[in-house]
**Q** 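One structure is given below, represented as structure tokens, and several questions about it will come after.
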Amino acid sequence: MKSYALHLLAVVLFVSCTVFSQEEELQLTSKDSIVISSWMVSLGYNFVDDSGDAFNDFTTIKDQWNAVAFPSRISIGRYFESGIGIEAIATYNNYKEGNIIDGSVNPEDISYFGLDTRLSYDLNKIIGQTGFFDPYVGAGLGYTDANNVGRGTYNAIIGFRTWFSDRWALDLNSSGKWSFGNEASNHIQHAAGVIYQFDIKKGLSKKGQEKLALIEAMEKEKQRVNDSIAAANRAKEEAALAKRLAEEKERALAEKARIEAEKRRRQLIEDKIKELGHVYFNFDSYSLNSDSKKVLEGLVDILNENPDLKIKIASGTDSRGPSPYNLRLSERRVNSTKNYLLSLGIDAAKLSTEAYGESNLLNECDDNTYCSEAKHRVNRRSEFIVIRI
């Protein structure tokens, strides 16, 4: 009797494990679905071999391949469930001086432009979907301006894409371009770039379709219960989302109001400082006159009214005299201005300084232009720039 019970327990455990194993296997995964149509855009680099023997020797790179340092190839294409793809491609390149072009040493840099269309076919439609490796072949027509000669071209393409996700892939391909309509040379164009896939239409593989049928049959009743639970959860999530969006909107409006108020406050302070005017100095002097002190006393009032306000004092000279001397003179002027503010109780931490010398004139009065004394005076000043409010 005891032996019978043990056998029964073993059977129950076996059946349970089998059912559990089947449920595990009947989960759809990314391997069960494939992209059957999409749009693709790509951005990358192109490399042109127009040496004259490009179709005889694919290995010489240094003296025959031409490329630029920035992305030089862009394309967009539509790819269909049948495996057919239609693509438009634009490329730019530069034939380097010293490279072999049409069998001769290129005497100067020459721009290369190409506009091509191509019809391609996904070879995975024949060999089966791999998901990772996606080879293709194609043919097309284009127009190329190379070596200062325009020509129409027949194109043959071979390449492959390596997919890292449903969206992103690395594309490597080579195109033979045979010219027609003139005696322009044939050449090869290689390309490497990153692809982004969008407007994707996906479908199940044959194995995925079989899994889906079994899952639907096994979970039909359970789905009814799950739907009601999901509906309740969705309502809860939507309520939480609506609350969060309202809170975020409120915070955004408050932040916008704060920023606008800060801008208005800054503009008001800058306008007040602008109304004070500059501190002006006599020729070859860094002494403050009574008018200048009145300006600085007005600035003190503004600094005291705004405890967080920090300004930069920038002083300059006119263009007369040697530049090194004028730089030292502007340093004395900026220090004279700062020291007067400090004497009126302003914290040094609220002040920074910059000496322009004659490098930042406010008008046309440089060493090569005659100006009146009144115009030169405009440049002999200390001005005030708001750093922080």
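When reading the values below, keep in mind they use all heavy atoms of this one structure, side chains included, and skip hydrogens, waters and symmetry mates.
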**Q** Measuring only between side-chain heavy atoms, which start at C-beta, is Leu268 closer than 4.5 Å to Lys272?
**A** yes

**Q** Near Lys350 NZ, under 6.0 Å, is it more than 12 heavy atoms from other residues, nucleotides or ligands?
**A**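 Enclosed.
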
**Q** Do any N or O atoms from the side chain of Arg118 and from the backbone of Asp116 form a donor-acceptor pair under 3.5 angstrom?
**A**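 Looks like no, no N/O pair under 3.5 Å.
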
**Q** Under 4.0 Å between a Lys/Arg side-chain N and an Asp/Glu carboxylate O for Glu237 and Arg244?
**A** no

**Q** Side-chain heavy atoms under 4.5 angstrom apart, residues restricted to Ile, Leu, Val, Met, Phe, Trp, Tyr: same cluster for Ile195 and Tyr136?
**A**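 No.
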
**Q** So which atom in Ser120 and which in Tyr79 form the shortest heavy-atom distance, rounded to 0.1 Å?
**A**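 So the two residues come closest at OG-CE2, 3.7 Å.
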
**Q** Run the numbers on Asn326 and Ser323 for side chain to side chain donor-acceptor pair (under 3.5 Å), then give the verdict.
**A** CA-CA 5 Å; Asn326 283 336; Ser323 294; 5.6 Å; no

**Q** Do the side-chain N and O atoms of Gln197 and Ser38 include a donor-acceptor pair separated by under 3.5 angstrom?
**A** yes

**Q** Please list, chain by chain and in numerical order, all residues satisfying side chain to side chain contact (heavy atoms under 4.5 Å, CB included) with Glu247, sequence neighbours excluded.
**A** Lys243, Arg251

**Q** For a quick test of reading the model, state the closest non-hydrogen atom pair linking Lys96 to Ala67 and the distance between them.
**A** CE-O, 3.5 Å

**Q** Report yes or no: do Asp366 and Thr369 form a side-chain donor-acceptor pair below 3.5 Å?
**A** yes

**Q** Report whether Leu276 and Leu342 are members of the same hydrophobic cluster (ILVMFWY, side-chain heavy atoms less than 4.5 Å apart, transitive linking).
**A** yes

**Q** Nearest 0.5 Å, what's the OG-NZ distance between Ser315 and Lys338?
**A**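 Taking OG in Ser315 and NZ in Lys338, the distance rounds to 11.5 Å.
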
**Q** Check for a donor-acceptor pair, side chain of Asp50 on one end and backbone N or O of Asp102 on the other, with a separation under 3.5 Å.
**A** no

**Q** Return the set of residues passing ring pair (Phe, Tyr, Trp, His ring centres under 6.0 Å) with Phe281 (not counting sequence neighbours), or none when no residue passes.
**A**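 Applying ring pair (Phe, Tyr, Trp, His ring centres under 6.0 Å) to Phe281 gives none.
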
**Q** About how many Å separate CD1 of Ile76 and CE of Met40, when rounded to the nearest 0.5 Å?
**A**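 One gets 11.5 Å once the value is rounded to the nearest 0.5 Å.
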
**Q** Can you hop from Ile389 to Phe384 via hydrophobic side chains spaced under 4.5 Å?
**A** yes

**Q** Are the side chain of Asp109 and the backbone of Glu97 linked by a donor-acceptor contact shorter than 3.5 Å?
**A**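 Yes; judged by distance alone, with no hydrogens or angles, the pair exists.
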
**Q** With no hydrogens and no angle check, is any side-chain donor or acceptor of Asn106 less than 3.5 Å from a backbone partner on Glu108?
**A**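 Confirmed, Asn106 side chain pairs with Glu108 backbone.
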
**Q** I need the Ser228 OG to Gln223 CD distance, nearest 0.5 Å.
**A**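 Here the rounded value is 10.0 Å.
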
**Q** Do the side chains of Gln189 and Ile89 get nearer than 4.5 Å, heavy atoms only?
**A** no

**Q** Once rounded to the nearest 0.5 Å, what's the spacing between atom CG of Leu303 and atom CD1 of Ile269?
**A** 9.0 Å

**Q** With side chains defined as the heavy atoms from C-beta onward, is the minimum distance between Asn173 and Arg73 less than 4.5 Å?
**A**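 Touching, per the 4.5 Å side-chain cut-off.
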
**Q** Counting N and O atoms only, with roles assigned by atom type, does the side chain of Arg151 sit under 3.5 Å from a partner on the main chain of Ser185, one being a donor and the other an acceptor?
**A**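 Yes, the answer is positive, given that a donor and an acceptor are paired below the 3.5 Å cut-off.
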
**Q** Can Arg258 and Glu255 be counted as an ion pair, charged N to O under 4.0 angstrom?
**A** yes

**Q** Would you compute the distance between atom OG1 of Thr317 and atom CZ of Arg333 and round it to the nearest 0.5 angstrom?
**A**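 It comes to 6.0 Å.
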
**Q** Give a yes or no on this: more than 12 heavy atoms of other residues, nucleotides or ligands lie within 6.0 Å of atom CD of Glu250.
**A**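 Not buried by this count: 12 neighbours or fewer within 6.0 Å.
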
**Q** Is there a path of hydrophobic side-chain contacts, each under 4.5 Å between heavy atoms, that joins Tyr356 and Leu361?
**A** no

**Q** Is the number of heavy atoms from other residues, nucleotides or ligands under 6.0 Å of Ile302 CD1 greater than 12?
**A** yes

**Q** Starting at OH of Tyr340, measure out to CD1 of Ile346 and round the result to the nearest 0.5 Å.
**A** 11.5 Å

**Q** Parallel, tilted or perpendicular: which describes the rings of Trp39 and Phe198, with under 30° parallel and over 60° perpendicular?
**A** parallel

**Q** Hey, are the side chains of Ile100 and Val105 touching, using non-hydrogen atoms and a 4.5 Å cut-off?
**A** yes

**Q** Quick one: do the Ser336 and Asn339 side chains pair a donor with an acceptor below 3.5 Å?
**A**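 No pair is found: no donor N or O on one side chain lies under 3.5 Å from an acceptor on the other.
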
**Q** Ignoring hydrogens and angles, tell me if any N or O in the side chain of Asn46 forms a donor-acceptor pair with the backbone of Ser72 under 3.5 Å.
**A** yes

**Q** Could you go step by step and tell me if Tyr95 and Asn148 meet the side chain to side chain donor-acceptor pair (under 3.5 Å) rule?
**A** CA-CA 10 Å; Tyr95 283 176; Asn148 294 325; over 6 Å; no

**Q** Evaluate the side-chain proximity of Asp199 to Arg78: yes if any heavy-atom separation is below 4.5 Å, no if none is.
**A** yes

**Q** What's the shortest heavy-atom distance between Ser82 and Tyr121, and which atoms?
**A**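 Heavy atoms only, the tightest pair is O-CE1, 3.5 Å.
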
**Q** Provide the closest heavy-atom pair for Lys312 versus Glu354 in the form atom of the first, atom of the second, distance.
**A** NZ-OE1, 2.8 Å

**Q** In terms of the angle between their ring planes, are His187 and Tyr112 parallel, tilted or perpendicular, with boundaries placed at 30° and 60°?
**A** perpendicular

**Q** So do the side chains of Pro135 and Asn124 get within less than 4.5 Å of each other, counting heavy atoms only?
**A** yes

**Q** Is it true that Phe113 and Tyr92 have ring centroids separated by less than 6.0 Å?
**A** yes

**Q** Which heavy atom in Val295 sits nearest to a heavy atom in Val279, and how many Å separate them?
**A**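 Result for this residue pair: CG1-CG2, 4.0 Å.
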
**Q** Determine whether Val194 and Leu43 make a side-chain contact, defined as any pair of heavy atoms from C-beta on separated by less than 4.5 Å.
**A** no

**Q** Under 4.5 Å between side-chain heavy atoms, counting indirect links through other Ile/Leu/Val/Met/Phe/Trp/Tyr residues: same cluster for Ile273 and Leu344 or not?
**A**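 Hydrophobic grouping puts Ile273 with Leu344.
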
**Q** Is it true that Ser42 and Ser75 share a donor-acceptor pair across their side chains at a distance under 3.5 Å?
**A**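 Note: Ser75 and Ser42 side chains meet the donor-acceptor criterion.
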
